[in-house]
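Below is one structure; the comments refer to it alone.
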Amino acid sequence: MECAAKGIVEDPCASGANRRCGSCGAVAYCSKDHQFIHWKVHKEECARLATQMSRIDMLSQFPFTFSVEPHALNHTKRSMRCLFLESMKVHLKGLWKSGCMCGPDIASVKDLSITTEWNMESSLCPCTEPENPVPAPLASWEDYFQWRSLPLHSPVAVLLHWPLTLYHCLQLSRIQTSRYDGHDTLHIHYLGPEKELLQLAVFAELRALFPGVHLRIELVGPAVPRSRDGEVVNISSYPNCSGESCHCRSSIASENLNCSEVTLKIWKGLYHERYGDIVKDSNPHLILAPNAGVAAYPSWMPTIEMIRGIGVPAIFTDFCEEAAHLASCCISSITGQPLGLPIQVNPFRQPIAENNSALYIPCYSNGFVFGM
């Protein structure tokens with residue numbers, strides 16, 4: 001950690017930032033003098049950060065633990081994510097290729113729908129229809145793993161946090177998905193996709209979560225390769241496991257009348273610039289922006305202004321609680337209204353802990369949900 005007063009004080013930092021704020025513990029300083037000077041800035045945020053830091057234990061309460069042995073991190077500059085995937089023998093394989101920084105660049109991918117392999121045995125991944133429909137709204141990863149009859153050491157949550165977050169946001173929006181079975185289509189506008197573009201097959205899990213519902217998802221963002229703009233991807237089966245004789249590789253596996261296919265359409269550009277084209281055949285019931293980074297990117301401002309005028313439920317997620325707080329301030333300043341949903345923890349956040357934030361606040365990718 002760097003001294004929080006760096007860039008504010010004239011004197012250079014004398015040593016490492018080993019002195020923590022005694023009240024919140026979220027920021028560090030190189031000296032007592034720098035801490036004193038920085039207090040005029042920090043006093044406005046100290047209580048808020050202390051509240052966030054008090055939730056450390058809650059953020060760690062996953063039903064499973066995906067971690068890397070400390071000695072492995074000490075002897076390599078590889079990311080924890082890469083090391084974890086290597087330990088599961090899926091690093092740079094199938095759907096996992098984009099799960100780390102050494103995966104392929106999105107712009108260089110020619111076929112975004114080509115990767116459909118879990119690269120693990122059937123007992124570890126959801127490669128076929130569930131034995132039973134969702135018995136009740138799922139409220140945690142533990143609920144999901146139990147429903148799908150998966151062991152808690154399976155790493156599939158690392159990729160499934162995208163469709164499960166979408167599932168959770170539909171629950172928050174109180175949209176009655178049963179209304180869209182058979183004839184109607186549930187339209188979702190999904191803003192700012194990046195890594196998801198190389199993991200489109202995982203959205204097949206929405207077929208199991210919403211049986212009989214036809215879902216159409218518009219994926220809109222500047223990371224979409226220009227050559228893929230306007231591409232439609234129909235998902236009517238689950239990603240395959242590694243078993244050659246598994247039922248998931250049979251043509252019969254996808255012929256389930258209770259599950260409609262999921263239709264994805266990919267749009268390059270910013271949402272407010274492409275909205276007119278998109279709504280010609282897809283008026284949204286829900287707008288979702290995972291890991292939006294609202295406070296970091298000014299390009300969100302015209303999009304938020306447009307969403308305010310549309311009057312459609314919109315839910316944003318961000319990297320950590322402090323990022324969500326900053327984003328909520330930005331949204332409220334643009335709309336002139338408080339958020340319709342409070343900042344809250346996403347129970348289906350991505351389960352690999354990240355610690356590369358400027359603040360020592362435990363954060364999990366796709367971690368906090370708030371709405372307008």
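Smallest separation of non-hydrogen atoms from P222 and K268: O-NZ, 2.7 Å. Closest non-hydrogen pair, V213 versus L186, comes out as CG1-CB, 4.3 Å. Taking every heavy atom of both residues into account, L198 and L95 meet most closely at O-CD2, 4.5 Å. Residues P126 and Y238 share a closest heavy-atom pair of O-CB, 3.8 Å. Residues W96 and V90 come closest through the heavy atom pair CB-O, 3.2 Å. Of all non-hydrogen atoms in G230 and K265, the two that sit nearest each other are O-CE, 3.6 Å.
Using a 4.5 Å heavy-atom threshold, the side chains of Y271 and I307 count as touching. Considering only heavy atoms from C-beta on, L166 stays 4.5 Å or farther from L286 through its side chain. With a 4.5 Å cut-off on side-chain heavy atoms, C125 and N240 do not count as touching. In this structure, L150 and Y144 have side chains that are in contact, with non-hydrogen atoms separated by less than 4.5 Å. No side-chain heavy atom of H189 sits under 4.5 Å from any side-chain heavy atom of V312. Using a 4.5 Å heavy-atom cutoff, the side chains of W141 and L164 are in contact. Counting heavy atoms from C-beta outward, P290 and W162 have side chains that approach closer than 4.5 Å. Using a 4.5 Å heavy-atom threshold, the side chains of H34 and D11 count as touching.
Transitive grouping of hydrophobic side chains (ILVMFWY, heavy atoms separated by less than 4.5 Å) brings I278 and I310 into a common cluster. A single hydrophobic cluster is seen to contain both L152 and L160, as judged by linkage of ILVMFWY side chains at heavy-atom distances under 4.5 Å, directly or through other members. With hydrophobic clusters built from ILVMFWY side chains whose heavy atoms lie under 4.5 angstrom apart, Y297 shares a cluster with I287. L270 and V220 are not part of a single hydrophobic cluster, where members link through side-chain heavy atoms under 4.5 Å apart. L341 and L326 fall into different hydrophobic clusters, where Ile, Leu, Val, Met, Phe, Trp and Tyr residues are linked whenever their side-chain heavy atoms come under 4.5 Å apart, directly or through other members.
With respect to E218 and R274, no salt bridge is recorded, no charged nitrogen being found less than 4.0 Å from a carboxylate O.
At least one donor-acceptor pair closer than 3.5 Å links the side chain of H285 to the backbone N or O of H187. Judged by distance alone, with hydrogens and angles left aside, the side-chain atoms of S154 form no donor-acceptor pair with the main-chain N or O of P151 at under 3.5 Å. With T185 contributing its side chain and L215 its backbone, the two residues share no donor-acceptor pair below 3.5 Å. When atom types are taken as modelled, the side chain of S173 and the backbone of L170 share a donor-acceptor pair closer than 3.5 angstrom. For T165 (side chain) and H161 (main-chain N/O), a donor-acceptor pair under 3.5 Å exists by modelled atom type. Here the side chain of R228 pairs no donor or acceptor atom with the backbone of P225 at under 3.5 angstrom. In terms of modelled atom types and a separation under 3.5 Å, the side chain of T116 and the main chain of P239 share no donor-acceptor contact. Using a distance-only test at 3.5 Å, with no hydrogens or angles considered, no donor-acceptor pair links the side chain of Q171 to the main chain of C169. Side-chain N or O atoms of W300 include none that pairs as donor or acceptor with a backbone N or O of I331 at under 3.5 Å. Proximity of a side-chain donor or acceptor of R249 to a complementary backbone N or O of G243 within less than 3.5 Å is detected.
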Determine, step by step, whether N119 and S242 satisfy the side chain to side chain donor-acceptor pair (under 3.5 Å) criterion, reporting the C-alpha distance in whole Å, the side-chain angles of both residues, the deciding distance to 0.1 Å, and the verdict.
CA-CA 5 Å; N119 288 87; S242 59; over 6 Å; no
Show your reasoning for whether side chain to side chain contact (heavy atoms under 4.5 Å, CB included) applies to L85 and M88.
CA-CA 5 Å; L85 295 177; M88 300 301 297; 5.7 Å; no
Apply side chain to side chain contact (heavy atoms under 4.5 Å, CB included) to the pair M120 and K89, showing each step before the final yes or no.
CA-CA 9 Å; M120 55 180 58; K89 303 186 186 320; over 6 Å; no
Start with the C-alpha gap between E142 and S140, add the side-chain angles, then the distance that decides, and say whether side chain to side chain donor-acceptor pair (under 3.5 Å) holds.
CA-CA 5 Å; E142 191 168 21; S140 67; 5.0 Å; no
Start with the C-alpha gap between L200 and L219, add the side-chain angles, then the distance that decides, and say whether side chain to side chain contact (heavy atoms under 4.5 Å, CB included) holds.
CA-CA 10 Å; L200 295 181; L219 296 152; 3.8 Å; yes
Report the C-alpha separation of V156 and L124 in whole Å, then their side-chain angles, then the decisive distance to 0.1 Å, and conclude whether the side chain to side chain contact (heavy atoms under 4.5 Å, CB included) test is met.
CA-CA 8 Å; V156 293; L124 295 176; 5.8 Å; no
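Ring pair H42/H38 is parallel by interplanar angle, where below 30° counts as parallel and above 60° as perpendicular.
When the shell of 6.0 Å around CD of Q146 is examined, it contains 12 or fewer heavy atoms from other residues, nucleotides or ligands. More than 12 heavy atoms of other shown residues, nucleotides or ligands fall within 6.0 angstrom of atom CZ in R48.
Taking the six-membered ring wherever Trp is involved, the centroid distance between the rings of Y167 and F210 falls below 6.0 Å.
Counting only N and O atoms by type, the side chains of E121 and S123 include a donor and acceptor under 3.5 Å apart.
Taking CE of M301 as the reference point, atom CD1 of I334 lies at 5.0 Å (rounded to 0.5 Å). The CG atom of N18 lies 14.0 Å from the OH atom of Y29; values are rounded to the nearest 0.5 Å. Taking CE of M306 as the reference point, atom NE2 of H272 lies at 8.0 Å (rounded to 0.5 Å). A distance of 13.5 Å separates CD in E273 from CH2 in W267, rounded to the nearest 0.5 Å. Put simply, CG on L209 and CG on L138 are 6.5 Å apart, with the number rounded to the nearest 0.5 Å. Note that CH2 of W147 and CG of N132 are 9.5 Å apart. Values are rounded to the nearest 0.5 Å.
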